[in-house]
Protein chains: 2
Amino acid sequence: MSSEALLIDELLKRITAGEYQLNEKFPSENRLAEEFQLPRITVRKALQHLEGRGYLYSVRGKGRYLKPESESIHLHLSGGESFTDKMLASGYDLKTVNLFSPDIEINQENQTYMLARLRYINEEPIAIHQSYVNVEVFPTIQNDAPTITSMFAYYRAHGFHHFTNNGAVLSVQFPSTDEQELLKCNNILPLICLESQTVCEETKKILERTCILYRSDKFKYRLR
Amino acid sequence: MSSEALLIDELLKRITAGEYQLNEKFPSENRLAEEFQLPRITVRKALQHLEGRGYLYSVRGKGRYLKPESESIHLHLSGGESFTDKMLASGYDLKTVNLFSPDIEINQENQTYMLARLRYINEEPIAIHQSYVNVEVFPTIQNDAPTITSMFAYYRAHGFHHFTNNGAVLSVQFPSTDEQELLKCNNILPLICLESQTVCEETKKILERTCILYRSDKFKYRLR
DNA sequence: TCATCGTAACTTGGCGCCAAGCTGTTGTGT
DNA sequence: ACACAACAGCTTGGCGCCAAGTTACGATGA
């Protein structure tokens with residue numbers, strides 16, 4: 001194993017053992033280089049890796065600081081309940097921002113319109129919701145899109161009242177630069193990608209295909 | 001956004017668009033530095049990031065090469081079925097290696113014994129199974145441990161025949177150096193961590209607490 | 001004409017140097 | 001005695017230089 005990898009492990013041990021105070025100065029690159037008898041560049045790479053993972057933040061000229069660990073939100077990955085309802089039921093302060101852009105057009109091939117929303121909890125972005133709405137069922141979706149914050153509310157307004165989803169697929173991916181900006185995260189923060197279809201229980205019509213990108217560091221997922 | 005981040009995005013676009021041949025030379029650091037008018041060190045960082053994510057591998061003096069993308073295994077995250085049964089049912093060539101070590105002792109605090117197994121598919125390590133076996137139910141587990149490859153078989157041999165689990169919790173973490181060596185992966189490959197308890201249906205005894213670490217790049221997970 | 005060896009030109013890898021930012025201490029001026 | 005400015009010493013950030021490895025081409029010798 002490389003020196004860098006071993007240093008990362010050792011620093012993680014110390015961090016999880018509580019040896020460093022939150023928001024106080026982490027030992028500098030030079031200090032750690034001296035302590036571990038490693039080149040400063042090796043130490044810097046290890047520290048930058050820990051920054052990438054969200055443990056540290058740095059200010060040029062000042063130093064590096066330990067980030068407070070954010071509390072994980074427990075999310076049930078199951079059932080037809082909307083994300084909004086789940087969060088409200090658990091007492092979280094959820095906010096939704098519509099990421100409408102006039103540039104987005106209907107996908108002619110599969111007749112869907114992509115409507116994206118950014119979800120915040122406690123003023124922090126935690127998920128990107130991408131709904132690929134079935135244009136055949138909702139022909140005016142492109143015009144309606146700028147004002148929508150709840151898809152379920154939109155469906156109810158259009159006469160659909162009971163929903164289910166036919167399973168979901170979960171995978172892990174890294175964020176693109178756009179997603180990094182939206183979610184205010186680093187490029188090595190894994191995102192949980194959850195893909196499913198929302199179906200009307202009565203008519204069995206597919207209303208939308210959904211892709212939700214969750215920051216994996218903000219959630220623990222309960223499975224039934 | 002930094003130059004490095006934008007370069008990563010652009011190279012990923014090209015990779016997914018199929019612009020590079022598998023196992024053929026990827027453009028060199030100098031070549032890309034010239035093309036994008038960036039310092040070589042910026043290009044190198046971007047390429048090392050892609051290496052970390054598993055897209056590329058490098059040979060000093062020779063060059064960098066695109067790795068073939070491995071097929072994702074679809075795994076159902078549900079039910080009491082064992083991992084072994086699920087993989088065999090899907091036709092995968094699963095192999096299990098017991099990671100027995102005489103150094104591992106019974107945890108006196110919660111009376112469990114940690115038995116770890118490494119899972120291979122097509123000769124590639126894909127998951128680490130850690131079973132924290134209830135010593136009160138299996139007092140001879142420490143002696144039995146070296147020869148166990150199937151926990152369910154072990155339980156059946158001890159008179160337990162029907163199992164369930166009381167939900168599971170899924171989270172994402174990065175591998176430690178030990179886990180990196182076992183799974184033959186880089187330090188930024190996210191691992192899916194699935195924690196659950198295996199319970200005997202008849203007696204309701206907790207047989208084990210399980211923690212499975214899956215390479216997230218090898219699996220897509222189906223939820224019911 | 002063919003084979004072998006040496007060198008140059010390519011590749012990636014390891015680590016350092018200089019730049020930019022911040023803070024604390026000391027000296028000078030009012 | 002206090003306030004302000006300058007400088008030194010600390011911090012992290014950007015990028016380059018030299019080392020190590022591989023390959024291809026040209027020259028020399030048989």
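Below, chain A is the first sequence line, B the second, and so on; all start at residue 1. Note that the structure is a prediction, hence the values are computed from the model and not measured. Just so you know, these numbers use all the heavy atoms, side chains as well, and skip hydrogens, waters and symmetry mates.
Between A:Arg31 and A:Glu35 there is no salt bridge, since none of the side-chain N atoms of the basic residue sits less than 4.0 Å from a carboxylate O of the acidic one. The pair B:Lys218-B:Glu124 counts as a salt bridge, with a side-chain nitrogen and a carboxylate oxygen less than 4.0 angstrom apart.
B:Asn30 has a side-chain polar atom (N or O) that falls below the 4.0 Å cut-off from OP1 or OP2 of C:dT11. Dashed line: the shortest gap from a side-chain N or O of B:Ser28 to OP1 or OP2 of C:dT11 is under 4.0 Å. The phosphate of C:dT12 has OP1 or OP2 within less than 4.0 Å of a side-chain N or O from B:Arg64. For the pair A:Lys62 and C:dT23, the criterion of a side-chain N or O lying under 4.0 Å from OP1 or OP2 is met.
Taking 4.5 Å as the limit, every side-chain heavy atom of B:Asn165 sits out of range of all side-chain heavy atoms of B:Thr210. Counting only heavy atoms from C-beta outward, the side chains of A:Leu47 and A:Arg44 never approach each other to under 4.5 Å. With contacts defined as side-chain heavy-atom distances shorter than 4.5 Å, the pair A:Leu170/A:Ile192 qualifies.
For the pair B:Arg64 and B:Phe26, the cation-pi criterion (under 6.0 Å, within 45° of the ring axis) is not fulfilled.
Put simply, CZ on A:Arg60 is 16 Å from C1' on C:dT23, counting in whole angstrom units. B:Phe26 places its CZ atom 14 Å from the C1' atom of C:dT12, with the value rounded to the nearest Å.
A side-chain donor-acceptor contact under 3.5 Å links A:Gln197 and A:Asn166.
Contact check of residues 33-45 of chain B against DNA chain D (heavy atom, cut-off under 4.0 Å) returns B:Pro39, B:Arg40, B:Ile41, B:Thr42, B:Arg44. Residues of residues 47-57 of chain B that place a heavy atom closer than 4.0 Å to DNA chain D do not occur.
Both B:Gly63 and A:Gly61 lie near DNA chain C, and the one whose nearest nucleotide falls closer to the 5' end is B:Gly63.
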